[in-house]
Amino acid sequence: MKEAGRSVRARLRDGVAASDPGLLRLTAGLRTVGAIALTLAVLNFLEVDVTHLVAGAMAAMVATFAIREKQRGQQAVTLALGLPVALASVTLGALLSSHVVAGDLFFVTLIFCAVYGRRFGDRGTTLGLIGFQVYFLSLFVGATVSGLPELYGALLVAFLSSALVRFVLVPETPAQILQRLREAFRARLAQLVSAQLELLDAGPDEVDRALEDVRSGTARLNETAMMIQGRLEDGTSDEAAARLVQRRIADAEIAAERLGLLLLTARSAERATTLTLHLPGAPVPAGGQLPVRDEATATLRRDLDALRMLVLRPVTGESGTALAHVRNRLLGYRDEENLPPASPAVQDVFRGIGEAARAVLGLRIALDGPQDDSDDTPATARSREELDAEDAAIDAGEADTGDEEQLTGLRRPTTRAAVQVAVGSSLAIVGGEFLSSHRWYWAVLTCWIVFLNTASTGEILVKGYRRLLGTVFGVVAGIVLAGLVGQHTWTAFALVLLCVFAMFYTAPLSYTLMSFFVTAALGVLYTLLHTYSASVLMLRVAETALGAACGIVAAAFVLPVRTDRRTNELLVTVLDRLGDVTEAAVDQLSGGPPVDLLDKARDLDQALADLRAATQPLTHPVTPLRARRDTARYVVALLETCAYHARSLAATAELLPTHPSIAADPRLRRAGGRIAHNIGAVAAHVADEQAGAVLETGPSIASLLEPDIPGTPRYGRVTDRVLRHLQRLDESVAGLARPLGMPGPAPRR
């Protein structure tokens, strides 16, 4: 009974860790709600009126969510600087409240400075956000000069409460976040193995859904790996340990993705392509309609379930021996003589399970420390020796990042965005005054928000649409909640806290949901301020629509960045990063000097994530340009396929110093040369369609490595896996030509 209870708690913990990596959303919600609740408690003890309770609650929310730095010391400095900025902002708001024109001009100037401050990093972004939001707060509560002392007190209490919650009640260090992200990676890896098992068992009516779950699980695993990459520097004091974790995370990610591809091939009449795992809506290859049911696949199901257990279960005195037995069996599949009798495709899956088990063993050692090796079989001992040799070869030197091009003037994104939002806010002020002389600032707020974390007209259009949709539904919820709470002050504040928590918990998942909870909370706040009516909430919808429209107009006509231009720039960046990884990996596999391939591979992943986000306006379900949407999805899927093969090449290249079965082969440069040329040609065409760049075509990659002396082994000391990755990468890069409108390939002489 006790064991069953622990199992339920473990599954619940793993589920939470997988759904909220690092518990970042949960922490953000708890901190914000805690800061607001503490502020309300202190202000209520001081017997302030409802208006100042609302002001304090809003200030506590701003002081908590605006902080962006990762280190606690930096957070404390920024929070301390934010208080005088907030006091100055509310003072100017009160002083200018009776001077309409001067107040509007200052508001526009403040908006410009707040957006321009992003160029100074996280601290500049935070201080600008605090200045803007507190000025908005002064408009919302109707701040006056005579009421400034009480507002000062509310702001002081809010900032002190935020600091107390952040540093004492809900403390969080970079090391703690990194540890939780590691657990999230393991939980998501186990979920991906579960999805792969369901794909193997899925019937004809379930196979497409099962494949989509595998795609989703693969993407979520990559997302967590990138989150860990972004936290390694701050969360690890030992650089060598950070490099070790980075390497083991990359190994596990690549092994899991490869296992999914091998399973897909086992269900198919022919070898599946990696594109199938990356293209939304792509069906299972021909012949993959029915799961195979025989003794070999029954063993396969058992071993996939064992692999999932190996990922999740900690080593304890009670389970250590059983876990070692499972681990030894799975690692044994790395030896050919241990493979069960089955078709070649199914045997490949067993090999993939063996490689995944090796990656999991390395991950457990990196995250949990040395493991008991008393029950090791020869296959397990060999895997440990390989891992130890890799660990010893890891170089903790810093990567050479180089200097990026520095943009100046209006070409700088922060300057351009500041001008755009200032123009859009000016339009929102004028239009908002026509709708309401008392609530015009809602239009300005919406205009401001649609520019946050956006970089093109299309992104602003999508964000404005989502905010309007969330606001419309939030108004309905606000009307219902306002009717329920009436004038029950503390019931109303409890509902506000609930909405605030939901807002921050859902913000990274859905901007529409976040807008819904914001508007619902505002309906309750209006009730507390005795200014609630259905017409007020409907006015909010109108002001929101106006603000979104003003933001879109400003983005479209003032220093515009078209979505096509933005995506093309990011596409060129992805191709450049892809070329960097491929050339460096091939050079190292050909005998060149070792370089920092892991960082190059993660730079590629980050560039691809940026491109994927920028193409959202093109791939949004409501877009009328269906052909363009399909093309964008296809191009991104092809690039994800290229990234997978490039990561795999990089991981293999880093094994050269430690694995006798993998050695350099200078002939690989011939194969890599054509791939590098074609990547450069695609990038040149995207940057300038008149460049005249064409692809090179010719014999297959394998034929380029034919031995010069008859009778010698065909592949020499280069593994078949390297050849397969090079061949697939060559095909995927060539496949980019058609959707991007490149001229036909030129045969290589």
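These figures come from a predicted structure and were not determined experimentally. Start at 1 with the first residue, then count along the sequence.
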For the residue pair T39 and A60, what are the closest heavy atoms and their distance? OG1-CB, 3.4 Å
Least distance between heavy atoms, C499 atom then A520 atom: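 Looking at all heavy atoms of both residues, the shortest contact is SG-CB, 4.2 Å.
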Gap between atom [atom2] of [Y] and atom [atom1] of [X] - 0.5 Å precision:
| X | Y | atom1 | atom2 | answer |
| --- | --- | --- | --- | --- |
| T519 | I479 | OG1 | CD1 | 11.5 Å |
| L169 | L38 | CG | CG | 7.0 Å |
| F504 | L26 | CZ | CG | 13.5 Å |
| I552 | L427 | CD1 | CG | 12.5 Å |
| E223 | M226 | CD | CE | 9.0 Å |
| L611 | N568 | CG | CG | 9.5 Å |

Salt bridge (charged side-chain N to carboxylate O under 4.0 Å, His left out), that's the test. Do R123 and E69 meet it? Break it down for me. CA-CA 7 Å; R123 183 162 296 160; E69 287 93 347; 3.7 Å; yes
Evaluation steps, side chain to side chain contact (heavy atoms under 4.5 Å, CB included), between L129 and W448: CA-CA 10 Å; L129 185 59; W448 154 277; 3.6 Å; yes
For a side-chain contact (heavy atoms from CB on, under 4.5 Å) with [X], tell me which candidate from [options] qualifies.
| X | options | answer |
| --- | --- | --- |
| L525 | V50, V141, L495, V54 | V54 |
| D122 | Q74, R68, Q75 | R68 |
| I111 | F106, F132, F451 | F132 |

Take E569 and R565, measure what salt bridge (charged side-chain N to carboxylate O under 4.0 Å, His left out) needs, and give me the verdict at the end. CA-CA 6 Å; E569 290 174 350; R565 173 185 161 191; 3.2 Å; yes
When you compare the side chain of [Y] with that of [X], does any pair of heavy atoms fall below 4.5 Å?
| X | Y | result |
| --- | --- | --- |
| V421 | F112 | no |
| F434 | L546 | no |
| T573 | R577 | yes |
| H52 | L43 | no |

Taking the basic N atoms (NZ, or NE/NH1/NH2) and the acidic carboxylate oxygens, is any pair closer than 4.0 Å for R25 and D20? yes
Basic-acidic side-chain contact under 4.0 Å: D605, R602: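 Between R602 and D605 there is a salt bridge, with a charged N closer than 4.0 Å to a carboxylate O.
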Is atom CZ of F557 surrounded by more than 12 heavy atoms (other residues, nucleotides or ligands) closer than 6.0 Å?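 At most 12 heavy atoms, drawn from other residues, nucleotides or ligands, come within 6.0 Å of this atom.
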Contacts of F136 that satisfy ring pair (Phe, Tyr, Trp, His ring centres under 6.0 Å) - sequence neighbours left out: Y441, W442
In terms of relative ring orientation, are F501 and Y505 parallel, tilted or perpendicular, with 30° and 60° separating the classes?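 Rings of F501 and Y505: parallel, as their planes differ by under 30°.
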Just jot down the side-chain hydrogen bond (donor to acceptor under 3.5 Å, both in side chains) partners of E172, sequence neighbours excluded, or say none.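 E172: side-chain hydrogen bond (donor to acceptor under 3.5 Å, both in side chains) contacts with T27, R180.
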